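Okay, so here's the structure we're looking at.
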There are 2 protein chains.
Amino acid sequence: MKQSPTPRRTQAERTRASREKIIRSATETFAQKGFRGAKMADIAKAANLTEPGLLHHFPSKTHLLMEVLKERDRIDSERMRATLQQNGNHLLEASIELVEHNQTVPGLVQLFNLLLAESISADHPAHEFFIERYQREREHWVQAITQAQQNGEVRADISAETLAILTFAMMDGLQVQWLMEPEKIDMSELYRVMMEMLRA
Amino acid sequence: MKQSPTPRRTQAERTRASREKIIRSATETFAQKGFRGAKMADIAKAANLTEPGLLHHFPSKTHLLMEVLKERDRIDSERMRATLQQNGNHLLEASIELVEHNQTVPGLVQLFNLLLAESISADHPAHEFFIERYQREREHWVQAITQAQQNGEVRADISAETLAILTFAMMDGLQVQWLMEPEKIDMSELYRVMMEMLRA
DNA sequence: AAAAACTTACCTAGTGTAAGGTAGGTAAAT
DNA sequence: ATTTACCTACCTTACACTAGGTAAGTTTTT
């Protein structure tokens, strides 16, 4: 039905396609170089545009970064929600699946790891984004863990908040080692061991 | 005994003092901005030098970074060795003290965290440094944990290598959260909880 | 239905500035 | 007499972003 080859049809369509392509290449570039190391020219080229072409869609590098992060956040939350539901709200199982999934997208894992580390400086554009993200996620997990403790799924001799923090720490820390030596580190297996330690 | 005020005495002394001052300010700057974000001019100014003055002592930014890392590594290994010895080779206790110590030097913790994240790209000057460092430390810990397992100090139902990886992951991950919200996260307390889980 | 008016997606060319590093010198220490 | 520590002045490149234009798509007017 669609006439595809060279001429892309409506303007709305072209715009959407361009923005998507830009976000995709920006995601890759930020993942590999971080915010400060990524060059607008590289991102533009990877999206088949010139630099001003890129800037037509996103007014500055900072804006672009924030859009990339928001987009990823949206996709990931949605994914987690779905996985949780699919696993009958069993948090431990769902989170293991999340880690397994992460093992298939090293680029994205690296994106968040690197930007997270960069963003610890208070003057980084994503500083607040990550602080808010952690707080939000932590609250979410504290709730879920509390429930799992009441169900007898998770050990109750340690507070839900402590468990939430430890779990995040483990996820983040494993990611770093996995990114450094992907063949050596079996991230999801290791995460599973940790989860066993948290069982009631 | 030393005549201190304005004129620093011998050249050897001046050189050592300058290099130390440079390393100190470079450490701070790299910690706050990462390698790519740190500017030679800032480092130079913080060391009371001009840029070429700095470059007289370290021929390039990359050289400077490597010196900073090697220096830290030296100090930290020495510290760990001493602490271990002081604690009668009890690894768990010694590592808790290490984490407590880290809580007093956020700048250094941030230095390693940020550079570690940056260095995951294969073209980063510190890429190999960190891979080697991890391997070395892991081996060291595997040995120590194996011994602790034989002494009945540490649970033996999980392999020493797995425990080593998990411990590092936890340390790194806790550091990130602690750096983001220092008042909220009691890093050494949380680490202690983890260590309890590893007890036999 | 076609022309006119406008909006959008991009481009080429250029700007300002920052940043790593060099050249070559001076003055103090050895 | 020579080496060392450091400076001023400069160079080159890189990079985020602007100015101003063209051509295609879209809406309005007749």
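Quick caveat, the model's predicted, so the values are computed rather than measured.
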Please state how far atom [atom1] in [X] lies from atom [atom2] in [N], giving the value in whole angstrom units.
X	N	atom1	atom2	answer
B:Lys45	C:dA19	NZ	P	11 Å
B:Arg16	C:dA29	CZ	P	18 Å
A:Phe58	C:dT8	CZ	C1'	15 Å
B:Leu49	D:dT8	CG	P	11 Å
A:Gln11	C:dC6	CD	C1'	11 Å
A:Lys21	C:dC10	NZ	P	10 Å
B:Glu13	C:dA28	CD	P	18 Å
A:Glu51	C:dG14	CD	P	16 Å

CG (A:Leu190) and OG1 (B:Thr162) are apart, to the nearest 0.5 Å, by 5.5 Å
One should read off an interatomic distance between A:Lys45 NZ and A:Lys39 NZ, to the nearest 0.5 angstrom, of 13.5 Å
In A:Phe129, A:Phe58, A:Phe30, the residue satisfying side-chain contact (heavy atoms from CB on, under 4.5 Å) with A:Leu65 is A:Phe30
Look at the side chain of [X] and decide which nucleotide, out of [options], has an atom nearest to it.
X	options	value
A:Lys39	D:dA16, C:dA19, D:dT18	D:dA16
A:Arg14	C:dA29, C:dC10, D:dA16	C:dC10
B:Pro52	D:dC17, D:dC7, D:dT26	D:dC7

Comparing nearest nucleotides in DNA chain C, the 5'-proximal residue of the pair B:Ala12, B:Phe35 is B:Phe35
inquiry  = So A:Ala44, base contact, sugar-phosphate only, or nothing? Heavy-atom distance under 4.0 Å.
reply    = nothing
Base, sugar-phosphate or nothing for A:Ala47? Non-hydrogen atoms, less than 4.0 Å.
nothing
Is there a side-chain contact between B:Lys61 and B:Pro125 in this structure, where contact means two heavy atoms from C-beta onward sitting under 4.5 Å apart? no
Worksheet entry | A:Asp73/A:Arg136 salt bridge by N-O under 4.0 Å criterion | yes
Contact under 4.0 Å: [X] side-chain N or O vs [N] OP1/OP2:
X	N	value
A:Ser18	C:dC10	yes
A:His56	C:dA9	yes
A:His57	C:dC10	yes
A:Thr50	C:dC11	yes

